[in-house]
Amino acid sequence: MVKTRFAPSPTGYLHIGGARTALFNWLFARHMKGSFVLRIEDTDLERSKDEYVKDIIDGLTWLGIDWDEPPYFQRERMDIYRNYALNLIEKGFAYRCYCTQEEIDRKRKVALKEGKKPHYDRTCRERPFEKTDKPFVIRFKTPLTGEVTFSDIVRGTITFQCEELDDLIILRSDLTPTYNFTVVIDDMLMGITHVIRGDDHINNTPRQILIYHAFGYAPPQFAHVPLIHGKDRTRLSKRHGATSLLEYKHEGFLPEALMNYLSRLGWAHGDQEIFSREELIEKFDLHNVGTSAAIFDMDKLLWLNSHYMKTLPPEVIAQRLVPFIEAMGFSCNETKKLISIVETLKARAKTLKEMAQMAAFFFSAPVSYEKEAQEKFLTPETKTILKDFLIEFKSLSSLHEEEQKRLVERLTHKYNKKVVEIVQPIRVALSGKTVTPGIFEVINILGREEVEKRIEKAIQSIP
RNA sequence: GGUCCCAUCGUCUAGUGGUUAAGGACACUGGCCUCUCACGCCAGAAACACGAGUUCAAAUCUCGUUGGGACUACCA
């Protein structure tokens, strides 16, 4: 059975790139009816933070990614790694190295200067065991010759010469294990069948394969997916805008849109652009994953988001809109009204945040009018029209669109004006703005009483 | 520097040697619709990095060049 994992290190927020890697792992597992696990690689005691663990878990959850076993924390498994490292020494695949860091740094600088590889010179590799209190690290005994080849699912065959590889440290002097060792131990112990990760790990793969060999264990399948780059075509990092995936949530993006967008970054299914979660699971395939890095495109994300704003049930959008409305200091306990607002705004707002801003005037009367709107549409001339409108509006038997339309038409004839010249003053009076949803919809949502109040107020504001 | 990876419109991509004057989508431009703004609809501009080779035939295969990226830690 297929088993995949997402193995982030909590040394930073879950960003778009990590989320995409997680998504691919999750989609592949779900597609293959296998399982997916989350493993927090927090062996870097210095830089790992609980705050980031929370961000990762919350971010994935928001996206709609779930895992089949409780999350693993490498920090809780230190003994396991130590034992396996010791075991490797016994088997002759690793050795204690007593060289000091200063020594090694010095030698590396010299080697670099002479144009040689900055590798550890393997001083301790064949040193006979001696009892000493000196601190040591454990290094893996990389074969001096030969090559390592593996078949990557997305890239095909990749080969490395062993002589290019270093005797990497697998256990630090403080007895904590290093990345290239823990991944192998955990992937092995957890029975991971497919390792799907960013292509920044291609260079690590041969080292890891060698460790698998040392344990006599067949390596999993590897699938290295291209990285996501920022506009400057370098690896995505903090300086490319939104740091955390949750930042997108706070900016009013829908998880459906993010998932759809992320899935299409490096993967395609013919010409299809819109995928539901179920469709993604059904159609996702590692063989259709591309090989070149993609640049994050906010415009396309916005387009997808606006698509889901329009197509998700209004009740769902309304529910998700609530926190944004409340953040502006309004309370929205009238569900029916809120849904009407969503209906009228869903084709106009690209994000929930934007929708909330557009909806503000439904919750409180304008305290002031946009300057230009006021100058242009709240004039002595339109004052007359507004007064007339108010009288007729009060006598309307219902707020049906047809009836409102007739009212406006009567006014256009009476004053010999275009529709827009009648509607805009009303719009400004009701919203303070020149841009709103259709005027009849606005009137309907506001309701008789509120409309009358606001028109009245506008009339009074005109000298 | 060394090793490895990558290269189709501005961006995401379809394309797996042959009706492809290279298709779709976002963005962009123009038009239609229209009470403002959106939405929607129609149209348009826009790409196979370069050079050899293989082949009857190459965006597709090979090599080289150029360009970009990643890795090269007692980070992951």
Side-chain angles (χ1 to χ4, degrees), chain A residues 7-12 41-44 46-48 74 97 99-101 104-105 108 112-113 115-119 135-139 152 155 158-161 163-166 168-180 182-183 197-206 224 226-227 229 231 233-235 261 264-274 287-288 290-304 306 310 344-350 358 373 377 405 408 412 418-424 426-428 431 433-440 442:
Chain A
S9 75
T11 52
E41 308 218 325
D42 52 359
T43 52
D44 185 340
E46 301 278 306
R47 298 194 301 146
S48 296
Q74 291 191 323
C97 169
C99 298
T100 64
Q101 194 144 7
I104 290 168
D105 285 347
R108 179 178 294 130
L112 226 38
K113 215 171 189 175
K116 289 192 223 147
K117 298 185 207 314
H119 285 173
F136 64 90
V137 298
I138 297 181
R139 285 183 185 273
D152 191 281
R155 284 161 210 274
I158 300 176
T159 302
F160 289 84
Q161 300 303 320
E163 58 196 80
E164 299 295 339
L165 273 21
D166 210 344
L168 74 162
I169 291 172
I170 58 177
L171 204 71
R172 288 181 272 252
S173 50
D174 65 356
L175 300 182
T176 59
T178 60
Y179 164 73
N180 279 110
T182 59
V183 242
R197 58 181 16 168
D199 69 13
D200 50 334
H201 287 288
I202 290 180
N203 290 295
N204 289 323
T205 308
H224 288 99
L227 258 24
H229 286 175
K231 282 252 186 284
R233 294 190 177 274
T234 64
R235 191 178 171 163
Y261 179 69
R264 285 284 288 96
L265 236 40
W267 173 80
H269 187 263
D271 284 340
Q272 190 171 346
E273 297 286 350
I274 305 293
H287 295 285
N288 291 327
T291 47
S292 58
I295 293 174
F296 180 76
D297 181 9
M298 183 60 94
D299 283 331
K300 189 142 186 182
L301 209 212
L302 277 167
W303 172 72
L304 273 166
S306 54
K310 282 176 288 198
T344 191
L345 250 23
K346 67 181 186 182
R348 287 165 234 267
K350 289 189 194 303
M358 288 176 170
F377 297 112
K405 226 173 198 162
V408 170
T412 58
K418 287 188 237 165
V419 174
V420 62
E421 293 171 293
I422 302 296
V423 168
Q424 281 303 71
I426 299 171
R427 192 187 308 280
V428 174
S431 70
K433 308 188 292 181
T434 54
V435 175
T436 76
I439 197 68
F440 307 131
V442 170

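Throughout, protein chains are lettered first and strands after them, A, B, ... in sequence-line order, and every chain is numbered starting at 1. This structure is a prediction, so every number in the text was calculated from the model and none was measured.
Listed candidates were B:A7, B:C35, B:C74. Nearest to the side chain of A:Arg139 is B:C74. The side chain of A:Ser292 lies closest to B:U8 when the candidates are B:A70, B:C5, B:U8. For A:Val435, the side-chain atoms get nearest to B:U36 when compared with the rest of B:A76, B:U13, B:U36. Considering only the side chain of A:Trp303, B:A25 comes nearest among B:C35, B:A76, B:A25. The side chain of A:Asn180 has B:A76 as its nearest neighbour among B:C35, B:U3, B:A76. Of the candidate nucleotides B:C35, B:U11, B:A76, B:U11 has the atom nearest to the side chain of A:Ile295. Across B:U36, B:A76, B:C74, the shortest atom-to-atom separation from the side chain of A:Asn204 is found for B:A76.
Place A:Pro437 and A:Lys350 on RNA chain B by their nearest nucleotides, and A:Pro437 ends up nearer the 5' end. With the nearest nucleotide of RNA chain B identified for both A:Pro226 and A:Ile439, A:Pro226 has the one nearer the 5' end.
A:Ile158 comes within 4.0 angstrom of sugar-phosphate atoms only, judged by non-hydrogen atoms across all strands, and of no base. No engagement by A:His224 is indicated, since no non-hydrogen atom pair under 4.0 Å with the nucleic acid exists. Across all strands, A:Thr43 comes closer than 4.0 Å only to sugar-phosphate atoms, never to a base (heavy-atom distances).
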Protein-nucleotides 18-24 of chain B N/O pairs closer than 3.5 Å?
residue: B:G23; atom: N2; partner: A:Asp271; partner atom: OD1; Å: 2.8
residue: B:G24; atom: N2; partner: A:Glu273; partner atom: OE2; Å: 2.8

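With A:Asn180 as the fixed residue, the side chain to side chain contact (heavy atoms under 4.5 Å, CB included) test singles out one of A:Ile170, A:Thr205, A:Leu168: A:Leu168. Remark: of the listed residues A:Thr291, A:Asp152, A:Asp200, A:Asp152 is the sole one forming a side-chain hydrogen bond (donor to acceptor under 3.5 Å, both in side chains) with A:His224.
Using a 4.0 Å cut-off, some side-chain N or O of A:Lys310 falls inside it from OP1 or OP2 of B:G40. Look at A:Arg348 and you won't find any side-chain N or O under 4.0 angstrom from OP1 or OP2 of B:U36. Contact check, A:Thr291 against B:A7: a side-chain N or O comes under 4.0 Å of OP1 or OP2. At B:A73, one or more side-chain N or O atoms of A:Arg108 fall inside 4.0 Å of OP1 or OP2 (strictly under the cut-off).
Within 3.5 Å, a donor on the side chain of A:Arg427 pairs with an acceptor on the base of B:C35, or the reverse.
Heavy-atom neighbours of A:Lys310 NZ from other residues, nucleotides or ligands within 6.0 Å: above the threshold of 12.
We find the OG1-CZ distance between A:Thr178 and A:Arg139 to be 10.0 Å, quoted to the nearest 0.5 Å.
With P as the reference atom, B:A27 and B:C41 are 12 Å apart, rounded to whole Å. Rounded to whole Å, the P atom of B:U66 lies 43 Å from the corresponding atom of B:G30.
When both pairing distances are held under 3.5 Å, B:U16 makes no Watson-Crick or G-U pair with any nucleotide shown.
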